[in-house]
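Structure record follows, encoded as structure tokens.
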Amino acid sequence: MPPAFGLYGHIRRNRMVSRLLLAGLFFLVLAVAFAGVLAAKAVMLGDESFEVILRAAWASYPYVAPFAVMGTALWVLFALSAHQWIFDKVTGARPLSRLEAPDLYAMTEALCISRGMTMPTLKILDTDALNAYASGLEDDKMTVTVTSGLLAALDRRELEAVVAHELTHIRNDDVRLMVIAVLVAGVVSFFGELLYRLFASPRAAGRGLRWGSRSRSGGSDRKGGGGAILAILLAVAIILIAWALSQVIRFALSRSREFLADAGAVELTKNPDAMIS
């Protein structure tokens with residue numbers, strides 16, 4: 001990928017990289033789905049060789065993969081439609097009126113006007129923690145939430161820098177992408193843990209070991225007894241690698257966008273000292 005120059009060049013490059021990383025998350029969903037098929041075949045064909053179990057898994061996988069993708073897509077669509085409601089219910093954020101924070105409203109409106117942005121809804125979270133975040137998916141229904149601790153701790157210049165940071169997240173379409181990334185990474189984590197509990201627990205592994213032992217002691221002429229153990233170990237390895245990579249991708253998306261949001265905030269406010277402080 002060619003190098004980027006300037007803030008907007010980095011934004012464009014970051015969007016391209018982000019789309020590739022997001023596609024990688026869906027690939028990890030497919031990898032976890034294959035691990036599930038492999039583990040299921042290991043349980044069903046416990047006295048077969050590893051090669052037979054692996055071939056059976058590959059034969060069944062094309063029928064399972066579309067359901068894994070469609071299930072993930074449906075979950076993402078559902079969560080996207082309800083994510084603002086979930087945010088508010090989980091955090092307890094409430095709408096912030098202009099009378100409560102006239103300075104915050106004035107600086108937010110000024111920043112939005114300077115970039116031709118739609119004014120987001122402002123909300124407040126009653127906590128001493130110093131935090132702020134942007135949420136929402138549609139341009140005319142975005143929300144910026146700040147904590148009461150942040151309003152109390154920062155001066156006007158610093159607060160403007162924080163608001164500009166969140167507005168940059170909205171301008172760069174970070175909110176929508178990060179919500180999707182967290183949801184898909186959550187699918188990988190959830191189903192990875194579910195498959196681990198179903199097939200890779202000591203009980204399941206022991207069952208595969210007993211099948212392999214029974215095959216050898218029973219005089220069967222099948223070769224490669226204990227293939228179930230190898231198949232389950234491979235499934236566990238795929239699940240662990242997929243989970244680790246999903247977390248790495250999610251954090252890579254987050255970090256790169258935070259740096260660009262800081263740079264965008266300085267561009268909006270023309271006040272790097274406020275962002276630094």
Side-chain angles (χ1 to χ4, degrees), residues 16-80 177-216 218 220-253:
M16 295 173 60
V17 172
S18 297
R19 292 189 182 101
L20 292 175
L21 291 175
L22 197 59
L25 282 175
F26 276 92
F27 173 78
L28 295 180
V29 170
L30 293 174
V32 171
F34 176 74
V37 174
L38 182 61
K41 292 298 180 182
V43 172
M44 296 167 60
L45 307 172
D47 57 351
E48 296 286 357
S49 67
F50 174 74
E51 291 76 12
V52 170
I53 295 172
L54 188 60
R55 283 199 299 269
W58 276 119
S60 299
Y61 179 63
Y63 301 99
V64 176
F67 290 98
V69 174
M70 287 189 296
T72 302
L74 288 174
W75 163 242
V76 169
L77 289 174
F78 167 77
L80 286 177
L177 185 134
M178 284 308 302
V179 169
I180 295 174
V182 169
L183 289 172
V184 178
V187 169
V188 173
S189 299
F190 173 77
F191 284 105
E193 183 174 353
L194 179 64
L195 291 172
Y196 178 84
R197 292 180 181 275
L198 286 176
F199 299 113
S201 64
R203 179 181 299 177
R207 189 186 307 128
L209 182 60
R210 288 197 298 274
W211 284 329
S213 299
R214 188 187 310 136
S215 173
R216 290 189 294 272
S220 172
D221 56 3
R222 290 189 181 99
K223 295 181 179 180
I229 286 292
L230 292 177
I232 289 176
L233 288 176
L234 177 58
V236 171
I238 293 173
I239 291 170
L240 291 176
I241 292 172
W243 176 83
L245 289 176
S246 70
Q247 302 306 307
V248 170
I249 290 174
R250 185 166 68 86
F251 287 121
L253 286 169

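Here the shortest heavy-atom pairing between Leu234 and Phe50 reads CD2-CZ, 3.9 Å. Residue Tyr63 comes nearest to Ala59 through the heavy atom pair CE1-O, 3.5 Å, listed as atom of the first residue, atom of the second, then distance. Across every non-hydrogen atom of Ala31 and Ile238, the tightest pair is O-CG2, 3.4 Å. Nearest heavy-atom pair, Ile239 versus Ala35, reported as atom, atom and distance to 0.1 Å: CG1-CB, 3.7 Å. Of all non-hydrogen atoms in Ile232 and Ala42, the two that sit nearest each other are CG1-CB, 3.8 Å.
Note that CG of Leu240 is 11.0 Å distant from CG of Leu245, once rounded to the nearest 0.5 Å. We find the NZ-CD1 distance between Lys41 and Ile53 to be 10.5 Å, quoted to the nearest 0.5 Å. Atoms CG and CD, on Leu54 and Glu48 in that order, are 13.0 Å from each other to the nearest 0.5 Å. Ser60 contributes atom OG, which lies 10.0 Å from atom CZ of Phe34 (distance to the nearest 0.5 angstrom). Note that CG of Leu30 is 8.0 Å distant from OG1 of Thr72, once rounded to the nearest 0.5 Å.
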Step-by-step side-chain contact (heavy atoms from CB on, under 4.5 Å) determination, Val29 to Val69: CA-CA 7 Å; Val29 170; Val69 174; 5.7 Å; no
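Side-chain atoms of Ser189 never come within 3.5 Å of backbone atoms of Gly186 as a donor-acceptor pair (strictly under, hydrogens ignored).
The closest side-chain heavy-atom distance from Leu38 to Tyr61 is not below 4.5 Å.
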